[in-house]
Number of protein chains: 2
Amino acid sequence: MLSKSLDPVDFTRALADETRQKIMRLCCCQWLSVGEIVEKTNVTQPTVSHHLGILRQAGLVKTRRSGKMIYYTLNQEVLASGCCNLAENFAPEFPITINVENP
Amino acid sequence: MLSKSLDPVDFTRALADETRQKIMRLCCCQWLSVGEIVEKTNVTQPTVSHHLGILRQAGLVKTRRSGKMIYYTLNQEVLASGCCNLAENFAPEFPITINVENP
DNA sequence: CCATGATATTGAAATATTTATATATATCGA
DNA sequence: TCGATATATATAAATATTTCAATATCATGG
């Protein structure tokens, strides 16, 4: 089942930052701990936490705790449905569909 | 032919504002003059011009002059391809396609 | 329970964005 | 060309965002 998608303003605002998109790229298809994300970006740990918080609030990441570490991964489903929602709202003449993978 | 789409950061930043989305909604399927857009929003004419400038720079609106007036309409094609691009970048597991209308 | 390591939160500085007022530019009709 | 109207630009104030240093919280091993 596809998730309920964000309001387009909230959705785009959550995405509209270079550092957040860098983080999103990093944990797009894998689970990374905060420390690993810090290593792979040029920003401090609190800054990474801040951006992860914004992404989390928007439902754009999933989290999993393992011991002291918290692992993050991008929620691609929410991302995809947000993109479709955006297109449905602002580009109705160019219908877009998600080709959901067979389960 | 589908246009070359924006960098995801530029694309989302252009969209990430409530006033701009209001303007985008207004001129989504119609041509509106700046004055008409001002009437239908709660902001002043310079503010509308400012936002139209941001949308124009991102290629998200088309313009047409008729006498003293300049008409704007949303470039749905750029919008749609930007959405697809975003999804391709950040949600590769949920492939999205534009169903281009038959020409 | 305490010390340690991982992540989150607080507070503040730097920067960017949004908005409005004032002004400039451009087009048209007389 | 002048005046009127439509839109754009410049400037500045208010607000929001990004970032970091300092500190707090949370989970684990001893």
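In what follows, chains carry the letters A, B, and so on, assigned in the order in which the sequence lines appear, proteins first and then strands, with residues in each chain numbered from 1. Please read all numbers here as calculations on a predicted model, not as lab measurements.
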Undergrad: Base, sugar-phosphate alone, or nothing: which one does Tyr71(B) contact when heavy atoms must sit under 4.0 Å apart?
TA: nothing

Undergrad: Just how far, in rounded Å, is P of dT18(C) from CG of Leu52(B)?
TA: 13 Å

Undergrad: To the nearest Å, give me how far apart CG (Leu55(B)) and C1' (dT18(C)) are.
TA: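 So the two atoms are 14 Å apart, to the nearest Å.
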
Undergrad: Check the phosphate of dA8(C) against Tyr72(A), side-chain N and O only, distance under 4.0 Å to OP1 or OP2. Yes or no?
TA: yes

Undergrad: Report yes if the side chains of Gln21(B) and Thr12(A) come closer than 4.5 Å at any heavy-atom pair, otherwise no.
TA: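 They are in contact (side-chain heavy atoms under 4.5 Å apart), so the answer is yes.
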
Undergrad: Please report the closest heavy-atom contact between Trp31(A) and Thr63(A), naming both atoms and the distance.
TA: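 The answer is CZ3-C, 3.7 Å.
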
Undergrad: Does a side chain donor of either Ser81(A) or Glu77(A) reach within less than 3.5 Å of an acceptor in the other side chain?
TA: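 Side chains of Ser81(A) and Glu77(A): no pair found under 3.5 Å.
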
Undergrad: Encode nucleotides 19-28 of chain C as B, S and - characters from 5' to 3', where the letter depends on protein heavy atoms closer than 4.0 Å: B to the base, S only to sugar-phosphate, - to neither.
TA: BBBB----BS

Undergrad: Could you give the CD1-to-C1' distance, from Ile54(A) to dA16(D), as a whole number of Å?
TA: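 Result: 11 Å.
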
Undergrad: Separation of Glu39(A) atom CD from dA6(C) atom C1', in whole Å?
TA: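 One finds 12 Å between C1' of dA6(C) and CD of Glu39(A), rounded.
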
Undergrad: I'd like to check Cys29(B) versus Gln76(B) (side-chain heavy atoms, cut-off strictly below 4.5 Å). Are they in contact?
TA: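 SC-SC contact between Cys29(B) and Gln76(B) confirmed.
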
Undergrad: Rounding to an integer number of Å, can you tell me how far Arg64(A) CZ sits from dA6(C) P?
TA: 16 Å

Undergrad: Grab the CD1-C1' distance between Ile37(B) and dA6(D) for me, whole Å please.
TA: 13 Å

Undergrad: If you assign each of Ser33(B) and Ala16(A) to its closest nucleotide in DNA chain D, which residue comes earlier from the 5' end?
TA: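 With Ser33(B) and Ala16(A) compared, the 5'-side residue is Ser33(B).
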
Undergrad: What's the shortest heavy-atom distance between Leu79(B) and Ala91(A), and which atoms?
TA: CB-CB, 4.1 Å

Undergrad: Which atoms form the tightest heavy-atom contact between Val78(A) and Phe11(A), and what is the distance?
TA: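 Scanning both residues, the minimum pair turns out to be O-CE1, 4.3 Å.
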
Undergrad: Over how many whole Å does the gap from Met69(A) atom CE to dG5(C) atom P extend?
TA: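 Roughly 13 Å, once rounded to whole Å.
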
